[in-house]
Trainee: 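Structure in structure tokens, see below.
Naming: A, B, ... by sequence-line order, numbering from 1 per chain.
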Protein chains: 4
Amino acid sequence: MKEPKSAAKPKKFPTQERSKITVGAILEAATYILEHEDWENFSTNRVAEKAGVNIASLYQYFPNKESILSEIFRMHSDEIRATSRELETVDLSALNLHQLLEKIVKDYVRSHQNEPRLHRILQAKVPKSVWWIDENNAGDLEVVFDKLLRNRTEKLKNKKFAGFFLKTGLNAMIREAVDRHPDYLSDPDFVPEMVSFFEAYLSGSGR
Amino acid sequence: MKEPKSAAKPKKFPTQERSKITVGAILEAATYILEHEDWENFSTNRVAEKAGVNIASLYQYFPNKESILSEIFRMHSDEIRATSRELETVDLSALNLHQLLEKIVKDYVRSHQNEPRLHRILQAKVPKSVWWIDENNAGDLEVVFDKLLRNRTEKLKNKKFAGFFLKTGLNAMIREAVDRHPDYLSDPDFVPEMVSFFEAYLSGSGR
Amino acid sequence: MKEPKSAAKPKKFPTQERSKITVGAILEAATYILEHEDWENFSTNRVAEKAGVNIASLYQYFPNKESILSEIFRMHSDEIRATSRELETVDLSALNLHQLLEKIVKDYVRSHQNEPRLHRILQAKVPKSVWWIDENNAGDLEVVFDKLLRNRTEKLKNKKFAGFFLKTGLNAMIREAVDRHPDYLSDPDFVPEMVSFFEAYLSGSGR
Amino acid sequence: MKEPKSAAKPKKFPTQERSKITVGAILEAATYILEHEDWENFSTNRVAEKAGVNIASLYQYFPNKESILSEIFRMHSDEIRATSRELETVDLSALNLHQLLEKIVKDYVRSHQNEPRLHRILQAKVPKSVWWIDENNAGDLEVVFDKLLRNRTEKLKNKKFAGFFLKTGLNAMIREAVDRHPDYLSDPDFVPEMVSFFEAYLSGSGR
DNA sequence: TATGAATGAGCGTTCATTCAT
DNA sequence: CATGAATGAACGCTCATTCAT
């Protein structure tokens, strides 16, 4: 079992104008290949060629193959991260459970709608073990949810799993919808029904 | 974009004792590598080497790399498949919603507990686009659920998403538990709480 | 430079009925592959498979790959060989030059018309260095021609090259016709014109 | 039946001195192997090894195995091509038939004498289906001959086959001489006798 | 800094041939 | 005898990465 490659970040921050263009071209080409070609075609040589950049230049900005992926993931999940950071920061104490769930689900759905194609591709083609950034982020989310739900689930007998259910369920449903039922996302009933789904349990009226 | 390779099954059935050993060794080695090494290390040469089998012998039983994976998936998901097939076959008409959910969740959890390590590995390391068998199976499941829920969710206003929520949520929660919270699985409250979770919504008491 | 593989002939003469069938199937399959597939596909395993014969059985009748080719060549060039053998044996002393050339050209053309497809294939796909049998045979032919022409080319100043020209020219023209101008072979003027061609020189009227 | 691979030319033009050496070494090694070893030994790995060049470097300049052969053929047949191009270009209208044939045969013989060894090897070892370049060239030649002979074969009854006989016969005789009778080429009578041979027919004095 | 050139290691796959039953 | 199984060696080719200029 190899240790996870340490070099996740670009080795150099491009300060010069030209460098920025180079890095941009590389990331664009990499994204293009991920979207339009096979995962097996995603090689550093191929990326450099597509970017019109010399392979050696690529290695001046990215220490290895993984770091290119990492950067793409980082860029791509920025919005999602922003969502959870906002949930963490903004004062939501005035909302009742229904309103809170509505906000969470809406924001979350919106944040996943940005680049659904790339998102789907990454899901489908990239081994999950490369997804560490997103996963870490998702881990955070569970804690955020737990905090948000506190004091709003009095009737719930066993509060232990609430955050886990919410995070896991929400995440899976949105991803599955993006991935396999794109029509759901434009269905006006989808979000309300998901809210109902979670609310039914969290409001403690089960059984 | 390549179509999924069709060759899913071994090209040759091992009839003699000797060859059964060979095939066994190959599958064992492949599983070992999937469990203990990187997905990128999963090469036919590596598998053959680890199995102590000549690479050409490997190709007498498996027509290509993918077919090895297919066989492992097949073996591994047999139990899960059995579960959904059973749900499809057995007469469950006497059960009320609570009893039905209890059976579904229990069976499903049990079926995932068999080889959790391999299951986790496959999830984590193998690009999702290779998972076609399991996915196909999962697709079936949604239909099964829809059928089972019919006539038992009268109070539900919008029945459209019920099967999708149940399948997606259940699947994700169990996988996430297997993957990241093994302790949940031995918690006596876990299954009942999941049942509550789904029942709350499906019994139509939301909002 | 490897020495030419010695084993040109089948290692075993199939006396039993079953053996004959096996050998026949092998040769048929080999011929089929040569005709319908790439030269690169012509492998012993492939031949055995196509013949429905176990690879180990194949090696009981043919000591190596080349011997299969040799046998096909031998069979195929039997007719051609027969032609030159006949020319060597039969008494042709009564014929004048024109009649002799007519016989030679006619016989030779006829002998090449038998399996033109296989002939073409062999020409196109098999490296010429494997053609030793045919070539040897062709070598013989030159001597035969020299003998036949003796006493019939009095007017020729330099008799040294006569046999060479006749054999080489005739051979090349027929092969080229078979290979690239199949229509020539059915043209009633083709043979007479070839006869004219050689006769013009051999009758000594040049310059 | 595969179509002939299109990639006939190197994928990358060597601009630096170093790479020219590399490409040279590859072509030299390839030629060496063709001359001294079996056609079956002509593998990209073997060529690279013999050239003292990394196999991956080889693939930077030659996109596949065939392109190496193509390049060798191209280089080797340049002179021959030059001959026919010259025949096509130069004004030969002042020559009578005898002079014309003399020029054609002389030029043609000369053009084949350059690298007779390699020429022989290619003929002997490389499957004819790989010879497309030379063949194309040879095809052209027949047309050139037809044009040259026009107006100089009045006495010929059937002019249809003249070009075919000349091209095929000349080609075969020279190749056969190069291949099996190297002494012929230095015999002062060889060329004149060939001229006589063709002239006898073309001057229309047959029969 | 950018680029042309290089390379060790490895890939998936097939070959001709042999052995044990 | 025939057959299932095995195998060493090699194939064409690509990879991630580094060096020299």
Trainee: Under 3.5 Å, is there any donor-acceptor pair linking the side chain of D:Asn45 to the base of F:dG12?
Mentor: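 Present.
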Trainee: Using a 3.5 Å distance criterion without hydrogens, assess whether the side chain of C:Ser70 forms a donor-acceptor pair with backbone atoms of C:Glu66.
Mentor: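 Pair found, side chain donor or acceptor close to backbone of C:Glu66.
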Trainee: Could you check how far CH2 of C:Trp39 sits from P of F:dC11, rounded to whole Å?
Mentor: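 It works out to 17 Å between those atoms.
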Trainee: Scan D:Thr22 against the nucleic acid and name what it touches under 4.0 Å (heavy atoms): base, sugar-phosphate only, or nothing.
Mentor: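 Sugar-phosphate contact only.
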Trainee: For the CG atom of C:Leu58 and the OG1 atom of C:Thr44, what is their distance to the nearest 0.5 Å?
Mentor: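 C:Leu58 atom CG to C:Thr44 atom OG1 measures 6.5 Å (nearest 0.5 Å).
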Trainee: Is the phosphate of E:dT14 approached by C:Ser43 (side-chain N or O, under 4.0 Å from OP1 or OP2)?
Mentor: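 No.
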Trainee: Can you tell me if the side-chain N/O atoms of D:Tyr59 get under 4.0 Å from OP1 or OP2 in F:dC13?
Mentor: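 Answer is yes, contact under 4.0 Å.
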Trainee: If I take atom CZ in residue B:Phe42 and atom P in nucleotide F:dC15, what distance separates them, rounded to the nearest angstrom?
Mentor: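 Checked: the CZ to P distance equals 20 Å.
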Trainee: Calculate, to the nearest 0.5 Å, the distance between atoms CD and CD1 belonging to C:Glu28 and C:Ile21 respectively.
Mentor: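 Going from the CD atom of C:Glu28 to the CD1 atom of C:Ile21 covers 11.5 Å.
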Trainee: Would you kindly give the CG-to-P distance between C:Asp38 and F:dC11, to the nearest whole Å?
Mentor: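 C:Asp38 atom CG is separated from F:dC11 atom P by 19 Å.
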Trainee: Between C:Arg46 (CZ) and E:dT17 (P), how many Å, whole number?
Mentor: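 So the CZ-P distance, C:Arg46 to E:dT17, works out to 18 Å.
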Trainee: Between residues 49-58 of chain D and DNA chain E, which residues have a heavy-atom gap below 4.0 Å?
Mentor: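 By residue number: D:Asn54, D:Ile55, D:Ala56, D:Ser57.
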Trainee: May I have the distance from A:Asn41 (atom CG) to E:dC11 (atom C1'), rounded to whole angstrom?
Mentor: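 Going from A:Asn41 (CG) to E:dC11 (C1'), I get 14 Å.
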Trainee: Grab the NZ-P distance between B:Lys65 and E:dT14 for me, whole Å please.
Mentor: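 In whole Å, E:dT14 P and B:Lys65 NZ are 15 Å from each other.
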Trainee: Nearest whole Å is fine: how far is E:dG10 C1' from B:Glu40 CD?
Mentor: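 Roughly 12 Å, once rounded to whole Å.
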Trainee: Say you draw a straight line from CG of D:Asn54 to CD of D:Gln60; how long is it, rounded to the nearest 0.5 Å?
Mentor: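 With rounding to 0.5 Å, CG (D:Asn54) is 9.0 Å from CD (D:Gln60).
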Trainee: So what does C:Thr44 touch, heavy atoms closer than 4.0 Å: a base, only the sugar-phosphate, or nothing?
Mentor: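 The residue C:Thr44 makes base contact.
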Trainee: Could you summarise the pairing of DNA chain E as dot-bracket text, marking Watson-Crick and G-U pairs under 3.5 Å with ( ) or [ ] inside the strand and | across strands?
Mentor: .||||||||||||||||||||
Trainee: State whether C:Gln60 places a side-chain N or O below 4.0 Å from either non-bridging phosphate oxygen (OP1 or OP2) of F:dA2.
Mentor: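 Answer yes for this pair, as a side-chain N or O of C:Gln60 is under 4.0 Å from OP1 or OP2.
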Trainee: Can you list the residues that meet the side-chain hydrogen bond (donor to acceptor under 3.5 Å, both in side chains) rule with B:Glu49, with sequence neighbours excluded?
Mentor: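 Counting only residues at least two positions away or on another chain, B:Glu49 forms a side-chain hydrogen bond (donor to acceptor under 3.5 Å, both in side chains) with B:Arg46.
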Trainee: Donor-acceptor pair, A:Asp38 side chain versus A:Glu40 backbone, under 3.5 Å?
Mentor: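 Between the backbone of A:Glu40 and the side chain of A:Asp38 there is no qualifying donor-acceptor contact (under 3.5 Å).
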Trainee: Whole angstroms only, please: what is the CD1-P distance between D:Ile26 and F:dC13?
Mentor: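 So the CD1-P distance, D:Ile26 to F:dC13, works out to 13 Å.
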Trainee: Taking C:Lys50 for its side chain and C:Asn45 for its backbone only, find out whether a donor-acceptor pair lies under 3.5 Å.
Mentor: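 Absent.
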Trainee: Taking the side chain from D:Thr31 and the backbone from D:Leu27, do they hold a donor-acceptor pair closer than 3.5 Å?
Mentor: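 Yes, the answer is positive, given that a donor and an acceptor are paired below the 3.5 Å cut-off.
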Trainee: Does a side chain donor of either D:Tyr61 or D:Thr22 reach within less than 3.5 Å of an acceptor in the other side chain?
Mentor: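 D:Thr22 and D:Tyr61 do not have a side-chain donor-acceptor pair below 3.5 Å.
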